[in-house]
Structures are given as C-alpha cells and as structure tokens.
Amino acid sequence: MSENRIYKPKQISGFPEWLPEYRAVELQWMDKIRSTFERYGFCSIETPSVEEVDALLAKGGETEKEIYTLSRLQEDAHDKDSRLALHFDLTVPMARYVAQHFNDLVFPFKRYQIQKSWRGERPQKGRFREFYQCDIDVVNVDGLPLHFDAELPAVMFEAYQALDIPPVEMHISNRKIIVGYLQGLGLDADKIVLVTRLMDKVDKIGKEKVEEEVGGIVNPIAIALNDLSLAKKICAIPEIKTSDGSFADKVRTLGVANDLLDEGLKELSFVMDNLKHLPQGSVIADLGIIRGLDYYTGTVIEVRFKENIGARGPLSIGGGGRYDNLAGSFISQKLPGIGVSIGLTRLFAMLLDEGYIKPAAKCPTQVLVVLPAEERRAEAAAAAHALRLRGMNVELYHSATKVKKQLSYAEKKGIPYVWFPPFEDGQPHEVKNMVTGEQVKADPSVWKI
RNA sequence: GCGGCUGUAGCUCAGCGGUAGAGCGCCUGGUUGUGGUCCAGGAUGUCGUGGGUUCGAUCCCCAUCAGUCGCCCCA
C-alpha cells in the first residue's frame, strides 16, 4: 500500500495560479485592456515564448542571470535547445519581430502584445517569475513624433480606468533631464549610472541615506569632510514632482546649464502639455522616475496607485519609455520607439491579496438543467440545447441524483438559473431564479434571461 | 548569490518528550421532485524530508528541501 504514496501538491513560488472565480476576473481585465488598445488602432501580435539567448542579450546589461534558458532533462552533448531562453519582457521580442518582418510591416508600427514573460529572480512580494505583461509600442523608421510620448501614457491610463481598481497616477519624466543635469555637474557616464540607480531609492531608504551614498560616489573626499553640498544638489532633482509644467522652472533654478538637460525639459513639458485632458492629478512630472532599463533614452513612465495598497510601498504597476534604437542590434535601420506596459500579474495579485477583487462566478454557466431521471435525459438535453441555441451558457446535470443535490451544485457554482424539465409526461418546463427563489413555468424555445 | 522567519488535516491555525486537536470546508442523514439557514452523524493526517540525542520525538539538536519576508538586482 505504501507505493500508493502521493506526491504532495505544492504551488511553485513565483508562478501564480488562480481559482476559477478569479481567473474569470483576470480574463475580463485582459478583454478590457485589449479592447482599449484596439480602440487606438494597435494591432495584436504574439511572439514565441522563447528567443535565442543571443537575441535576448543583444542589448547587453546585467540581464543574464535572470533569464531562464531551455535545457532538456536528457541533455545530450549537442543540445540545440540550450541556445533558447524564455523571454523576460515583450519589448526585446518585439524589436526582433519588427526587424525580422521589416518589409511586411506598416510604419509607424503600432502593436499590442498580451503575453507571459519569465524572470529567474528570487520571488518576493509583488515579484513573480512568471507573469503577464500587456504591452503597447509604436516603432517607426528614423524618427518618431513626440506626440506618441503623450498618446501611449494616455492609452495606458484609459486601460487602467477600464478596470475596476483604485485610482492610479502616472509618473512621467525624461531621462535627458537627469542625465543632462549630471553631465552639467561634470559626472562621467559610469557615475551617472550609479547615481541614477540610487535616486530610485529615495522612497525606499530615505533622502538622507541617498544623499550620503550619492556623496560617496561623486566626491568621497567631501564626504570625509562632511560636505554634502554636491550630493544635495544632485538629490534635489528627484525631489521635483509637479502636476503641471512648473517642474522646468524648478530645475532651472538649480542653475545647471546643459543642452541635453534643456532638451529633456522641453520634451517633458510637451508631453505634460499633451496630457492635460486626463483627470487632474493623475499625471505627475516626477523627476525621481528613472527606471533601471538602460535602453530608455527619453520619456520614462511609471504607474502607481494613488494610495498605497495594503502595507506596501509605492510599487510600480506599469511603466515604459522611449528608446532611440532598440532594434539596432537586429537591423541596420534606425528604429526609434516608445512603449508602455501594464504589469497585469503584479497588479492583479496585489489587489487580490488585499481583498479588492470581487470574485466572479465559479463557472460561466447561466442555466443548470436538472436531470429528473435517467429516462428523461433526452428531453432534458433537448431543453439545454434549445437554450444554448439562443446563446445561453447551459449545463446539464450529469446524473439523476436527488434534486436537492442538483440545486446545491448550482448554488455552490453560482449558477443563476436552474431549469426543470418535466418530471412526468404532460408537465410544463419550469425555471427557478436562484437569487430570488422564484420559480415559474417556461418554454425552453422562447425563455430569456 | 546573501540574511531573518516558518513548515501539524483540503484551508487557517492550536498543541505537547509518551505516535494529535479546533474552526472552516467536505461527505451522509433530517422520507416521498427544490439550494442557501439549522440540527445530527462521519471521513481525512507516514505533525516537510533525512539523520542524531532519548527507553521513547510531531515537540530537542543537525542537515536538507520548500515556503515567506527582506538585501542585491530589476526589463
């Protein structure tokens, strides 16, 4: 008997799965997001779950350790699969796709993609190893009008609004501002990377700590003398958050002159200007937004809840930005683009955890047809069929057990109507409303919900 | 890759050096064709895994695996 021992089922950390009543909600969300994207003319593509490792790493960076590569259990010496890996986002596959089908696409190419991505990181709150992303990107040849930098956040905002979730706000900045500013202060490229990485952490570890660490990078000697003036000047930038165009004046007051900085300010002002139609307070010029991704070159966007959800800090539930030449590793054409992405799984999981998500019914069934007796199965099935012909989702109970049991099944699954075919010849059909308890005679060929 | 915490019925968890309990859920019944409430009854666990200490361990120790929170990093 001991060989009957079962493998204890367990959920794999970082690979979420939901019960049917929540999966149904997730599907509804996807539908809403999708139809919003389509309303703006984005077309759908789907790319394979895997890409060649070289393609994924074409943009460099420290992404390597987060990529799941493919290998077979029975790996042989020349395992061809090992050159493949699961994609870690949808932007890189999209870049490859655009380069590959360059001749067959119409530019500016506007596509959306709702697919899973995988990252081999240590899972923790709000971070998964398998998750859905809902991306929209616009890619063009040579140049891409700045208007798209405003349009995409607007589309994304509309998609969030289509969901039944707490209000979100879009934090927008422009890489050129922070980079230009730091260049203007004389920092070299390496230090700029280190410093910008720290600026992201003001919310997390506090302003003082960030200033100290920034100081340690830009001028260790001054730190020894307890002189934080340069660090403070640097850290003044991420402090700037305005819901209108006034951020530009605040930056200029700091007195740093740099061409790239000016360009960034102009671009961000333009974007803010073109997002004025969104609800007051939902768009913030937030110069603390950096985003880790090195391929962003201009506009950067991050979406957060207006109010923190649960005990968590301001986790990003979406984001994106502009990249000048993402496909450059795949094709000699210059293909600038801008893309934004909704972190569907993180968003959904957060709200689920905190009880914000109302479960849908456990199944799509609208009418359960009772099976009164095995001899009446044909008649019951005919009734079910008649209802389905008019578009209803109908289930015929599988066995002729007690009616009590059949009703309780409908109750537990949240099926709103129960259909009673005749129990004896000559009797009428009846339908019962499970919410009100009301039961009336009905004709399966005409009855409607 | 590093650190803290946790691991007992399907779920949430209690418990104790002498091989285990609650709540919820589940199943059955409260007759004859009708759910949600109520009542009665019932089933379920190699107490994560391996080793050690002990007369004896679910409880102590070690290891291991898994989960979780955080660090690093984040596309």
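Keep in mind that what you see is a predicted model, and the values were worked out from it rather than measured. Residue numbers begin at 1 in each chain, while the letters A, B, ... track the order of the sequences.
- Using a 4.0 Å cut-off, some side-chain N or O of A:Lys402 falls inside it from OP1 or OP2 of B:G29.
- Pair assignment for B:G1: B:C71, on the basis of Watson-Crick or G-U wobble contacts that are both within less than 3.5 Å.
- Rounded to an integer number of Å, the gap from A:His429 NE2 to B:U34 P is 19 Å.
- Using a distance-only test at 3.5 Å, with no hydrogens or angles considered, no donor-acceptor pair links the side chain of A:Asp324 to the main chain of A:Pro336.
- A distance of about 26 Å separates the P atoms of B:C71 and B:U8, rounded to the whole Å.
- Using N1 to N3 plus N6-O4 or O6-N4 for Watson-Crick, or N1-O2 and O6-N3 for G-U wobble, each under 3.5 Å, B:C27 pairs with B:G41.
- Proximity of a side-chain donor or acceptor of A:Arg34 to a complementary backbone N or O of A:Tyr112 within less than 3.5 Å is not detected.
- Atom NZ of A:Lys32 sits in a crowded spot, with more than 12 heavy atoms from other residues, nucleotides or ligands closer than 6.0 Å.
- With both ends at atom P, the span from B:G3 to B:G56 equals 35 Å, rounded to whole Å.
- The distance from atom CD of A:Glu374 to atom P of B:G33 is 17 Å, rounded to the nearest whole Å.
- When distances run from any side-chain atom of A:Glu430 to the nucleotides B:U34, B:G35, B:G70, the shortest one goes to B:U34.
- The same atom, P, is picked in B:A20 and in B:C24; the two are 23 Å apart, to the nearest Å.
- Residue A:Arg127 has its side chain nearest to B:C72 when only B:G33, B:C72, B:G35 are considered.
- Put simply, the side chain of A:Arg129 gets close to the backbone of A:Ser13: a donor and an acceptor are under 3.5 Å apart.
- Using a 4.0 Å heavy-atom cutoff across all strands shown, A:Gly319 reaches no nucleic acid atom at all.
- B:U37 atom C1' lies 11 Å from atom CD of A:Glu411, rounded to whole Å.
- As judged by a 4.0 angstrom heavy-atom cut-off over every strand, A:Tyr409 is placed among residues making no nucleic acid contact.
- Of all nucleotides present, only B:C65 satisfies the Watson-Crick or G-U wobble test against B:G7, with each distance under 3.5 Å.
- Whole-Å rounding puts the A:Leu368 CG to B:U34 C1' distance at 12 Å.
- Pairing for B:U32 is absent, judged as Watson-Crick or G-U wobble with the two contacts each under 3.5 Å.
- A straight line from CE of A:Met434 to P of B:U37 spans 12 Å, rounded to a whole angstrom.
- Distance noted for atom C1' between B:U19 and B:C62: 23 Å (whole Å).
- B:G21: Watson-Crick or G-U partner is B:C13, with both key distances under 3.5 Å.
- Whole-Å rounding puts the A:Glu424 CD to B:U32 C1' distance at 12 Å.
- Two residues, A:Lys405 and A:Arg129, neighbour RNA chain B, and the one matched to the more 5' nucleotide by heavy-atom proximity is A:Lys405.
- Rounded to an integer number of Å, the gap from A:Glu213 CD to B:C72 C1' is 12 Å.
- Only the P atoms considered, B:C47 is 10 Å distant from B:C59, to the nearest whole Å.
- Remark: A:Asp54 does not engage A:Arg83 in a salt bridge, criterion side-chain N to carboxylate O under 4.0 Å.
- Set against B:G35, B:C27, B:G33, the side chain of A:Lys412 has B:C27 as its closest nucleotide.
- Counted within 6.0 Å of NZ on A:Lys306, heavy atoms from surrounding residues, nucleotides or ligands total more than 12; the atom is thus considered enclosed.
- No donor-acceptor contact under 3.5 Å links the side chain of A:Arg197 to the base of B:C73.
- Spacing between B:G25 and B:C11 at atom P, rounded to whole Å, works out to 15 Å.
- Put simply, the side chain of A:Gln439 and the base of B:U34 share a donor and an acceptor less than 3.5 Å apart.
- Under 4.0 Å is where a charged nitrogen must lie from a carboxylate oxygen, and between A:Glu374 and A:Arg376 no such pair does.
- Using a 4.0 Å cut-off between a side-chain N of Lys or Arg and a carboxylate O of Asp or Glu, A:Lys176 and A:Glu267 qualify as a salt bridge.
- A sub-4.0 Å separation between OP1 or OP2 of B:G35 and a side-chain N or O of A:Lys413 is absent.
- Heavy atoms of A:Lys432 sit under 4.0 angstrom from at least one base atom.
- Rounded to the nearest Å, the gap between the P atom of B:C73 and that of B:G17 is 46 Å.
- For the C1' atoms, the distance from B:C16 to B:A22 is 15 Å, rounded to whole Å.
- In the interface, the side chain of A:Gln406 is not paired with the base of B:G33 through any donor and acceptor atom under 3.5 Å apart.
- Look at A:Ser13 and you'll find a side-chain N or O under 4.0 angstrom from OP1 or OP2 of B:U68.
- One can place CD of A:Glu438 at 15 Å from C1' of B:U34, the figure rounded to the nearest angstrom.
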